[in-house]
Amino acid sequence: RLTMKKPPLALLFCLGVCLLDILGASIGVGVQALRITAKPQSFISLAKLVAGERTAGGSQGVGLPFQEHLKGFYGAIIETIESAEIRRRARDRVRALHPELKECEVEVQASQNKGSAIFNIRAFGTEPHDISVFLDALLDEFMAFRSAGRIPQTDTASVQIMARASSPVEDLQDWAF
């Protein structure tokens, strides 16, 4: 008959601590996995808008007063796109044109590419088709609002929509801002 010696108390203590560490790490990984899978997938719909100002002769204006005028013009574009009024009009337009769509929360952000007249308009939400339709309606309402003369402009100001895209957030690496 074989008899075993009792393991030293220090070894039992270390083994217990290691098991508690492994148990704690496993619980932490499980909790994080639940948090990640419980989040709804986020989608983004993008549009690029080009705004320019041409003088009567076709050449760009120069000088500080003209640059200040452009800053105000560009600021008015961002402010208008992100305004509650344009968002309300876009929601009304979506309801009228797409009554089958359920209303979902859409976050809108507009930014200007540094040193250019190109604006990036992003709409975030959980339903890809809904945010794409909302962004289209938002841009249509912005253009209508602008055409009605409610954005400061001159007779030669031009604003055009360059491109639109809708995709899950992680698929938009080439649209980096």
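Here the structure is a predicted model, which is why all the values come from computation and not from measurement. These numbers come from the heavy atoms of this one structure, side chains and all, not from hydrogens, waters or symmetry mates.
- In this structure, the separation between CG on Asp21 and OG on Ser26 is 10.5 Å, given to the nearest 0.5 Å.
- Here the closest heavy-atom approach between residue Tyr74 and residue Gln112 is recorded as CD1-NE2, 3.1 Å.
- Remark: the backbone N or O of Val106 is paired with a side-chain donor or acceptor of Arg87 at under 3.5 angstrom.
- Both Ile78 and Met143 belong to a single network of hydrophobic side chains, linked directly or stepwise wherever heavy atoms of I, L, V, M, F, W or Y lie under 4.5 Å apart.
- With sequence neighbours excluded, the residues forming a side-chain contact (heavy atoms from CB on, under 4.5 Å) with Leu101 are Val94, His98, His129, Asp130, Val133, listed by chain and number.
- Between Glu107 atom CD and Ile131 atom CD1 the span is 11.0 Å, to the nearest 0.5 Å.
- In this structure, Lys48 and Asn120 have side chains that are in contact, with non-hydrogen atoms separated by less than 4.5 Å.
- Look at Asp92 and Arg89 and you find no salt bridge, because none of the NZ, NE, NH1 or NH2 atoms lies under 4.0 Å from a carboxylate O.
- Atom CD of Gln109 has more than 12 heavy atoms from other residues, nucleotides or ligands within 6.0 Å.
- Inter-residue side-chain proximity for Phe142 and Leu49 is flagged as met; some heavy-atom pair is nearer than 4.5 Å.
- One hydrophobic cluster, built from ILVMFWY side chains closer than 4.5 Å, cannot hold both Ile27 and Leu19; they sit in different ones.
- Here the CZ-CG distance, from Phe145 to Asp140, works out to 15.0 Å after rounding to the nearest 0.5 Å.
- Heavy-atom contacts from other residues, nucleotides or ligands closer than 6.0 Å to CD of Gln32 number more than 12.
- Here the closest heavy-atom approach between residue Glu141 and residue Ala90 is recorded as CG-N, 3.9 Å.
- In this structure, Phe134 and Arg91 have side chains that are in contact, with non-hydrogen atoms separated by less than 4.5 Å.
- Put simply, the side chain of Ile81 does not reach to within 4.5 Å of the side chain of Ile86, judged on heavy atoms.
- The main-chain N or O of Ala76 is found under 3.5 Å from a side-chain atom of Thr80 such that the two form a donor-acceptor pair.
- Listed by chain and residue number, nothing satisfies the side-chain contact (heavy atoms from CB on, under 4.5 Å) test with Cys14 (two or more places apart in sequence, or in another chain).
- Pairing each heavy atom of Glu82 with each of Ala110, the nearest pair is OE2-N, 2.8 Å.
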